[in-house]
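Working notes, beginning with the structure itself.
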Amino acid sequence: MTIHFVDLDAQYRLIKSEIQDAINGVLESKDFIHGKSVEAFSKRFSKAQGSRFMVGCSNGTSAITVALRALGIGPDDEVISVANSFFATPEAIAEVGAKVVFVDCEADTYSIDVSQIEKYITPKTKCIIPVHLYGNPCDMETVMTIARRNSLHVIEDCAQSHLATWKGKGTGTFGDCGTFSFYPGKNLGAYGDAGAIIVQNEELYKLISMHVNHGRTKKYEHDFCAGNFRMDGIQAAILDVKLKYLKSWTEKRRELASHYESLLRPHGFKTISVKPDAKCVYHIYLVEVSNRDEVMNYFKKLDIHCGVHYPIPLHLQPALKQLKYKKGDFPVAEKAAERILSLPMYAELTKEEVSKVCEELVKVARI
Ligand SMILES: *Cc1c(COP(=O)(O)O)cnc(C)c1O
């Protein structure tokens with residue numbers, strides 16, 4: 001019996017007719033770009049995340065790039081981020097010409113180790129980008145205290161943290177802005193590329209809106225060169241349908257995560273720790289093992305799909321070798337990268353399937 005890692009088909013079957021109606025609606029209205037569907041989705045997603053404003057974007061990577069540009073970050077600036085994330089986070093920093101400065105993560109939450117941030121701040125530091133990796137919110141109060149004390153901007157990478165909260169407040173609403181990805185496999189996924197920036201300050205909202213759309217003030221008047229990073233109307237209409245279900249899908253993820261935990265922790269396995277003030281949305285559910293290749297081969301034979309997020313820590317990525325980091329610089333992130341294994345996790349997964357995954361894992365995995 002196959003157990004998928006993510007099953008987009010199972011989700012689609014439940015909402016197929018609504019999705020088709022939504023797409024047809026856009027085809028009829030011809031609101032392909034910056035139309036009513038983007039406006040409607042922006043309002044609803046802002047509300048769901050607890051934000052004042054949202055600007056639709058072409059994807060989660062461009063959302064970070066645009067946020068950095070709108071905050072005026074560029075060459076000669078340094079941006080602090082975490083050594084374990086998806087490559088897009090440092091890539092966006094490099095894209096604006098700034099230098100990424102990594103910080104190690106915590107061993108239990110896999111979030112940026114806030115106790116280490118300040119030692120990496122220099123006169124060139126302009127911004128911190130914490131990543132709510134796996135949907136597990138970082139300690140945003142401490143990040144904001146450090147940022148205020150050192151006059152730094154904060155962009156929260158929320159690509160994996162739709163509806164996640166810290167002390168009841170949505171991720172992405174603490175910093176200057178929060179960037180989201182709606183890549184199909186994310187907790188809220190489009191049927192193509194899409195992203196968003198949420199923002200609380202109205203001036204910054206207006207500036208970001210210009211930065212995604214050719215630096216426009218009027219249709220053919222441009223204040224600065226910015227490029228095109230707009231969200232597409234069909235994707236917004238699809239996301240608006242899915243948003244109605246996101247709360248219940250997220251609850252399902254939480255239930256499945258606690259089921260995993262109840263089956264794995266008694267065997268001594270290390271899984272994701274969530275701080276008492278955080279509400280995790282489990283984009284990924286992972287476990288640490290010392291014989292990962294063996295476990296993955298065994299699972300492959302059983303047709304249980306799993307993954308590794310992410311096998312190479314960012315400071316050791318070939319694309320960033322000019323930064324001259326070396327093995328040993330971020331021991332916690334490096335150790336995690338060797339041991340983590342992402343298990344099946346999506347709203348339509350059943351408890352029985354989770355039990356089966358754990359039953360098999362316990363047979364083969366070593367701590
Ligand atoms: C997915 C992801 C991104 C990039 O989003 P895209 O929409 O794929 O460009 C950025 N950061 C993190 C942490 C991600 O998981």
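Just so you know, ligand 1 is whichever comes first in the structure, and atom 1 is the first atom listed for that ligand.
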In chain order, what residues pass the salt bridge (charged side-chain N to carboxylate O under 4.0 Å, His left out) check against D240, with sequence neighbours excluded? R44

Side chain to side chain contact (heavy atoms under 4.5 Å, CB included) partners for D303, two or more places apart: T2, H305

Indicate the ring-plane relationship of F182 and H162, choosing parallel, tilted or perpendicular according to the 30° and 60° boundaries. tilted

Would you call the rings of Y191 and Y12 parallel, tilted or perpendicular, taking 30° and 60° as the class edges? perpendicular

Counting only heavy atoms not in K218, do more than 12 sit closer than 6.0 Å to its NZ atom? no

Please output the residues near ligand 1 using a strict heavy-atom distance under 4.0 Å, listed in chain and residue-number order. N59, G60, T61, S85, F86, A88, T89, V131, D157, A159, Q160, S181, K186, Y310

Which residues pass the side-chain hydrogen bond (donor to acceptor under 3.5 Å, both in side chains) test with E18, not counting sequence neighbours? K244, Y245

